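Take a look at the structure below.
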Amino acid sequence: MPGYELFGEEERKEINDVMDTGILMRYGFDGPRKGVWKAKELETAITEVFGCKYAQLTSSGTSALTTAMAALGIGAGDEIIMPAFTFVASFEAVLSVGAIPVMVDIDETLTMDPAAVRAAITPKTKCVMPVHMCGSMANLDALAQICKEHTLILLEDACQSIGASYKGRSLGTIGDAGTFSFDFVKTITCAEGGVVMTNKEDIYIKSDGYTDHGHDHKGVDRGADLHPFLGYNYRISELHAAIGLAQIRKLDGFLSLQKKNYKALRSYLEQVPGIRFRSIPEGGVDSCSFISWFLPTQELTEAVVAELKVQGILAGNFYWFVNNWHYIRKWDHLRQAAALHPMNAEQTAALVKLNTTSFAASDAIMSRCISTAISLVWTEEQIREKGQKMLAVIQKIMQEHLQQA
Ligand SMILES: *Cc1c(COP(=O)(O)O)cnc(C)c1O
């Protein structure tokens with residue numbers, strides 16, 4: 001999964017280029033920076049590698065989502081339909097622009113169920129935001145069709161799925177806009193950072209201004225820039241962009257290692273007849289940052305997780321159902337609307353309503369799902385050992401349960 005596993009001389013060189021000029025800011029200082037523009041260079045590389053017209057770097061994936069929403073004109077009173085399984089950042093961004101998160105069930109793709117999206121549409125719906133969790137994707141054709149029928153915005157949270165594709169196009173470049181995160185554990189990292197990708201010029205121009213206090217960036221003198229709209233400071237620094245530049249050049253290598261290690265480990269899990277794997281929409285290519293697999297029942301899954309822990313091999317295996325960050329069941333702070341500041345009444349009402357909303361369809365999937373993170377630096381020996389140990393645990397637990405039954 002994470003690019004940080006393979007830091008090397010390349011990252012050091014890019015950082016040193018910036019340190020040699022001392023200009024750590026991405027805008028201005030045209031003379032002293034001596035032609036070093038790491039953020040601009042990384043934006044160009046992103047458009048080339050992922051195949052989109054425009055890319056705007058930001059300080060994080062969370063701020064990339066907020067920026068995309070603002071640029072798309074999503075705000076007060078607007079409902080954004082999003083999945084109940086995601087990272088907390090997705091709803092944080094929705095709340096930050098004054099919009100209302102409407103959580104819907106997922107299916108065995110581990111992303112939003114198009115039928116649940118249809119059922120959640122109201123006159124206030126403005127946007128559908130699939131989150132491409134754990135390296136693979138939502139059924140984008142089905143979601144795009146729904147958006148077309150109801151004139152809704154399609155915003156892809158592709159923060160976790162750098163390098164995956166759908167029908168030949170990179171995730172994050174298919175909707176009206178899409179985002180990646182480059183935080184420390186993502187497929188490529190800037191330490192902290194994110195990007196808004198779009199093929200629409202006006203969304204790009206708005207994103208560019210929004211992330212820099214609304215500056216129009218039309219002149220060479222920052223002080224003389226006009227501010228056609230309000231913005232914030234969600235800028236990335238040159239140091240962060242420098243790391244990302246070294247990382248994006250190594251992405252192909254990361255992805256091929258990821259795929260190789262995924263395949264090798266999966267071959268062990270495939271030996272258990274009762275195990276199923278997440279489904280991938282037709283035309284989709286998984287980035288292979290995780291293997292997500294299902295056991296037949298919640299009881300078995302809990303027992304396997306407990307045994308993995310006893311044997312000291314739970315690390316890298318995520319049982320999201322009990323995890324505090326990724327699944328609605330444990331988002332108490334969200335359901336209690338525990339903001340530090342007063343929230344608008346519509347938002348509070350929507351969050352309180354989550355307490356009485358059933359996510360039984362998602363529970364039935366998440367309670368049986370384990371995602372195993374794929375490392376880039378595993379040796380063949382380590383994969384064999386990990387695979388054999390996991391296999392032994394699963395077989396032991398399944399046998400015990402068969403005997404009890
Ligand atoms: C990591 C992540 C984000 C946001 O990323 P940060 O860069 O950590 O702010 C958003 N959505 C999802 C699904 C993520 O995994």
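Order of appearance sets the numbers: ligands from 1, and atoms from 1 within every ligand. Just the heavy atoms: all of them, side chains too, but no hydrogens, waters or symmetry mates, feed the values below. Note that the structure is a prediction, hence the values are computed from the model and not measured.
- A donor atom on one side chain and an acceptor atom on the other are found under 3.5 Å apart for Asp363 and Tyr327.
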Item to check | Worked check of side-chain hydrogen bond (donor to acceptor under 3.5 Å, both in side chains) between His132 and Asp157 | outcome: CA-CA 6 Å; His132 305 305; Asp157 180 344; over 6 Å; no

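- A salt bridge is defined here as a Lys NZ or Arg NE, NH1 or NH2 lying under 4.0 Å from an Asp or Glu carboxylate O, and Arg278 with Glu108 fails to meet this definition.
- Ring planes of His326 and Phe87: tilted class, angle from 30 to 60°.
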Can you pull every nitrogen or oxygen pair between ligand 1 and the protein closer than 3.5 angstrom?
unit_1, atom_1, unit_2, atom_2, d
ligand 1, 5 (O), Ser181, OG, 3.3
ligand 1, 7 (O), Gly61, N, 2.7
ligand 1, 7 (O), Ser181, OG, 2.7
ligand 1, 8 (O), Asp183, OD2, 2.6
ligand 1, 9 (O), Gly61, N, 3.4
ligand 1, 9 (O), Thr62, N, 2.9
ligand 1, 9 (O), Thr62, OG1, 2.4
ligand 1, 11 (N), Asp157, OD1, 3.3
ligand 1, 11 (N), Asp157, OD2, 2.9
ligand 1, 15 (O), Gln160, NE2, 2.9
ligand 1, 15 (O), Lys186, NZ, 3.1

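- Listed for the Lys250 side chain is a donor-acceptor partner under 3.5 Å among the backbone atoms of Leu6.
- With respect to Lys53 and Glu43, no salt bridge is recorded, no charged nitrogen being found less than 4.0 Å from a carboxylate O.
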